[in-house]
Amino acid sequence: ESDTIANLPFKSLNSTSGLREFDSEFLARLAADDSSLHEKLLAYRQHNTDFSSIELSEFLLELAPHIETYIGRIFGIEDEVQAARNRISDEEAIHTFKKQFVQRRSRRYRGEMDTPFSELDAWLNEQIDADPDRELCVARYAVALLADSEKFDDDIRRLTQWIIHIRKHDAAPELLQNWVSFKLPELIDYAQLVPLQEIENDPAGRRQSSPLETVKRDGFELTDNRMNLRQVQDEVNYCIYCHDHDGDFCSRGFPENKKDPDSGFRVNPLGETLTGCPLGEKISEMHVLKRDGLDIAALAMAARDNPMLPATGHRICNDCMKACVYQKQDPVNIPEVETGILTDVLKLPWGVEIYLLLVRWNPLRQEQYLPKTNSRRRVLVVGLGPAGFTMAHHLSMEGCNVTGIDGLKLEPLDEQLLNAPVRDYSSIVESLDNRILSGFGGVAEYGITVRWDKNFLKLIYLSLARRSNVGLAGGVRFGGNLTIEDAWQEGFEHICIANGAGLPRVIPMGNSLARGMRQANDFLMALQLTGAAKFDSLANLQVRLPAVVIGGGLTAVDTATELQSYYIRQVEKTLQRYQVLEQELGREKIFSGLDQENQDILKTFLSHGKAVRAERERALRNNTQPDFLPLLREWGGVTLDYRRGLNESPAYLRNHDEVVKALREGIYYVEGVE
């Protein structure tokens with residue numbers, strides 16, 4: 001039925017009394033399964049424990065699997081949970097193969113390379129199953145050899161030679177590039193985190209990413225689909241799980257002196273203070289659970305300290321990576337793991353409801369493991385961006401009646417989402433290219449580009465909107481149509497200001513608002529809020545090429561990529577609409593209404609639109625993805641200009657990966673220019 005999950009009444013999960021009953025049932029089952037752990041949990045909740053940090057980790061890791069078992073049973077998805085666990089277990093051979101053969105035997109091998117690669121490759125194909133997943137087949141074969149290494153010593157030698165041919169002699173570049181088995185950590189050169197190539201005879205001295213690494217972007221679909229399960233597990237197995245010796249610096253920060261926790265935090269060669277996760281998320285413990293295939297338990301561990309985790313992780317934050325114990329080689333990609341764990345749980349039946357449950361009920365927490373009884377205290381939260389929606393969550397958990405307001409129009413959620421459980425996450429996922437902005441999420445909604453999956457915002461929106469003690473309203477400007485005096489008169493006892501940095505800052509630069517100039521943040525907001533990139537939008541947002549983006553921060557980087565992609569969409573829309581009007585009005589009437597400058601602009605857009613259409617037709621004929629980069633560069637392209645060196649720019653210092661990914665979309669870069 002639509003109002004139940006298995007035999008669980010849906011409404012009980014969205015009321016404080018229902019969650020208390022849910023918790024009582026969990027405690028009873030825990031007491032029956034492990035009375036000692038049950039007693040520890042009760043003492044933990046009452047602050048009657050004196051756990052050291054290592055003992056706390058052990059306790060949490062002991063408790064988390066019970067949460068997964070209980071949720072799997074009560075949600076009726078035990079088979080699906082076990083199947084997900086089996087998929088991870090099936091992958092273990094790859095990590096053994098990588099560790100034992102790729103990282104150890106191939107590096108230590110001193111024998112003769114007496115067999116050509118083609119012969120070894122043919123031999124290997126005879127030993128393994130004819131399965132499309134060749135990496136897994138090779139890994140399973142390698143593990144079988146290790147089980148009796150003396151008997152299969154000659155086969156081990158052949159397999160080792162095969163690996164060396166690939167790693168050192170470039171015998172199979174497609175495997176070297178695509179198999180996680182061959183993805184080995186590289187040393188970090190802090191001065192060269194973003195590789196750039198000179199452009200021969202370029203009068204502006206522009207540089208670019210390697211042409212071999214460029215990506216073909218088309219439109220405003222999600223540009224980064226995140227790591228797959230195998231890649232996530234590769235990162236998890238790369239972690240050395242430092243929580244058992246207080247070395248989890250990713251979580252608590254990298255100390256200047258490892259033996260003195262009060263010595264302050266280390267500063268890396270880029271001048272970044274290695275503070276670790278701002279929330280103190282139990283990262284190493286999360287990785288252990290994910291390694292063992294306990295997806296729900298791992299999500300519970302992450303949500304213990306970070307209940308708003310859909311709004312963190314991949315392409316959002318990386319403080320944890322910077323403080324990883326690996327400081328001289330590639331760190332563990334913790335944000336990818338965190339988002340991968342969330343994604344894998346969302347793929348389960350009722351995955352949305354499981355996440356929403358763990359936000360409000362989480363036995364791993366010492367505080368806020370359940371919502372508190374309503375205190376009737378009224379709080380106004382101004383702004384529904386990351387700060388605002390996080391504050392609204394915590395205040396509601398503390399029993400306050402919260403009203404959240406935002407200046408943006410807030411699109412209401414579908415009544416079905418509010419009043420019935422979501423079985424399949426895929427049913428509420430929207431294409432970012434066609435998605436209507438909900439207005440919820442502040443800068444996460446209108447300031448972050450399609451490099452990040454904004455469908456995640458709906459999870460947080462839904463979590464707050466379903467709560468009886470939370471009300472959300474858009475189109476309310478604090479200090480305008482709602483004053484502070486109005487708030488007091490309405491009975492609010494406290495006002496939380498969470499409206500971010502406020503108004504965009506106008507750069508004090510001569511002619512910065514002249515024709516042809518735009519403020520970067522203004523462009524991004526106009527692109528997002530007006531839906532200018534949608535074919536059915538009439539928004540007036542015009543850009544021309546060549547384009548120059550002045551600045552070295554992440555806003556400049558985002559502006560460059562979105563401007564370049566929007567130009568293609570703009571000329572396509574112009575051509576499409578012009579041809580409709582031409583049939584109705586005729587070419588002469590259209591052009592007679594424009595001055596010479598606008599006639600020239602229109603002619604350029606029409607010419608470029610036809611070139612884009614031709615490229616689409618070529619790609620369709622050849623069954624390939626269209627490649628607009630040659631056209632964009634022929635028309636001048638988009639160039640990022642920074643007054644100092646790239647490795648001194650804010651984007652490089654804060655998150656150089658964003659610069660790397662932007663340049664792979666074909667953006668030019670110029671250093672040292674005013």
Side-chain angles (χ1 to χ4, degrees), residues 194 196-197 199 202 204 206-224 315 432-433 446-452 516-528 530-535 537 539 541-575 601 604-605 607-616 619 625-642 646 649 651 657-670:
V194 179
L196 287 177
Q197 292 186 357
I199 299 176
D202 187 75
R206 295 179 297 181
R207 295 197 288 167
Q208 63 181 358
S209 177
S210 168
L212 299 176
E213 296 182 345
T214 54
V215 296
K216 299 175 182 178
R217 178 171 172 185
D218 181 11
F220 291 85
E221 293 278 1
L222 181 64
T223 61
D224 191 333
R315 301 303 291 267
L432 299 192
D433 220 348
Y446 60 74
I448 296 177
T449 62
V450 290
R451 57 184 163 83
W452 178 68
M517 302 288 289
R518 293 195 77 101
Q519 299 289 309
N521 47 20
D522 169 59
F523 166 76
L524 285 175
M525 289 183 66
L527 179 64
Q528 306 270 355
T530 66
K534 295 181 172 64
F535 278 105
S537 170
L541 179 63
Q542 180 177 294
V543 295
R544 298 172 67 190
L545 295 184
V548 175
V549 180
I550 303 169
L554 292 172
T555 299
V557 171
D558 273 350
T559 300
T561 58
E562 302 317 287
L563 189 157
Q564 182 168 269
S565 191
Y566 174 64
Y567 186 81
I568 296 294
R569 182 64 54 87
Q570 173 189 246
V571 297
E572 282 188 291
K573 288 172 61 176
T574 301
L575 176 62
I601 293 173
T604 299
F605 283 4
S607 171
H608 291 179
K610 290 174 182 177
V612 169
R613 181 178 291 177
E615 171 58 19
R616 286 203 184 281
Q625 188 175 354
D627 184 4
F628 301 119
L629 189 54
L631 294 176
L632 289 163
R633 292 195 158 178
E634 178 186 332
W635 303 330
V638 178
T639 302
L640 264 170
D641 281 10
Y642 186 55
L646 167 62
S649 69
D657 279 336
E658 294 301 328
V659 185
V660 172
K661 288 180 168 65
L663 294 177
R664 285 176 180 169
E665 290 189 24
I667 304 301
Y668 294 119
Y669 204 98
V670 178

For the residue pair Y567 and F605, categorise the inter-ring angle as parallel (less than 30°), tilted (30 to 60°) or perpendicular (more than 60°). perpendicular
Looking at D558, is its backbone amide N or carbonyl O close enough to the side chain of T561 to form a donor-acceptor pair, meaning the two atoms are under 3.5 Å apart? yes
Point-to-point distance, once rounded to the nearest 0.5 Å, from CD of E665 to CG of L632: 10.5 Å
Distance check, rounded to the nearest 0.5 Å: W635 atom CH2 versus T604 atom OG1? 10.5 Å
Would you sort out whether F523 and V543 count as a side chain to side chain contact (heavy atoms under 4.5 Å, CB included), showing the intermediate values? CA-CA 9 Å; F523 166 76; V543 295; 3.8 Å; yes
Contact check, side chains of R664 and T214, non-hydrogen atoms, under 4.5 Å: no
Could K534 and D433 be called an ion pair, given the rule that one side-chain N must be under 4.0 Å from one carboxylate O? no
Between atom NE2 of H608 and atom CD1 of I568, what is the distance when rounded to the nearest 0.5 Å? 9.5 Å
Contact check, side chains of Q564 and L629, non-hydrogen atoms, under 4.5 Å: yes
Distance, nearest 0.5 Å, that separates CD1 of I667 from OG1 of T639: 8.0 Å
Within the structure provided, determine whether V638 and Y668 are in side-chain contact (heavy-atom separation under 4.5 Å). no
V450 and E221: side chain to side chain contact (heavy atoms under 4.5 Å, CB included), yes or no, with the steps? CA-CA 7 Å; V450 290; E221 293 278 1; over 6 Å; no
Would you confirm whether R451, through its side chain, and R315, through its main-chain N or O, come within 3.5 Å as a donor-acceptor pair? yes
Donor-acceptor under 3.5 Å (Q197 side chain, R207 main chain): no
Search all heavy atoms of G447 against all heavy atoms of L524 and return the closest pair with its distance. O-CD1, 4.5 Å
Does the side chain of R633 come under 3.5 Å of the side chain of Q208 through a donor N or O and an acceptor N or O? yes
Minimum heavy-atom distance between V659 and A651, given as atom pair plus value: CG2-CB, 3.7 Å
Can you tell me if R206 uses its side chain to pair, donor with acceptor, with the backbone of V670 under 3.5 Å? no
Only one of L563, T559, L541 passes side chain to side chain contact (heavy atoms under 4.5 Å, CB included) with R518; say which it is. L541
Please report the interatomic distance CZ(R613) to CD(E615), rounded to the nearest 0.5 Å. 14.0 Å
Where is the tightest heavy-atom contact between P626 and K216, given as atom of each residue plus distance? O-CB, 3.8 Å
Could you give the distance from CG (L663) to OG (S210), rounded to the nearest 0.5 Å? 11.5 Å
Does any N or O in the side chain of S649 come within less than 3.5 Å of the main-chain N or O of Y642, such that one atom is a donor and the other an acceptor? no
Backbone of S537 reached by a side-chain donor or acceptor of K573 within 3.5 Å: yes
If every non-hydrogen atom of Q528 is compared with every non-hydrogen atom of I448, which pair is closest and at what distance? NE2-O, 3.4 Å
Nearest heavy atoms of G551 and L640, plus distance in Å: O-CD2, 3.6 Å
Of all the heavy-atom pairs spanning R217 and F628, show the shortest one and how long it is. O-CD1, 3.9 Å
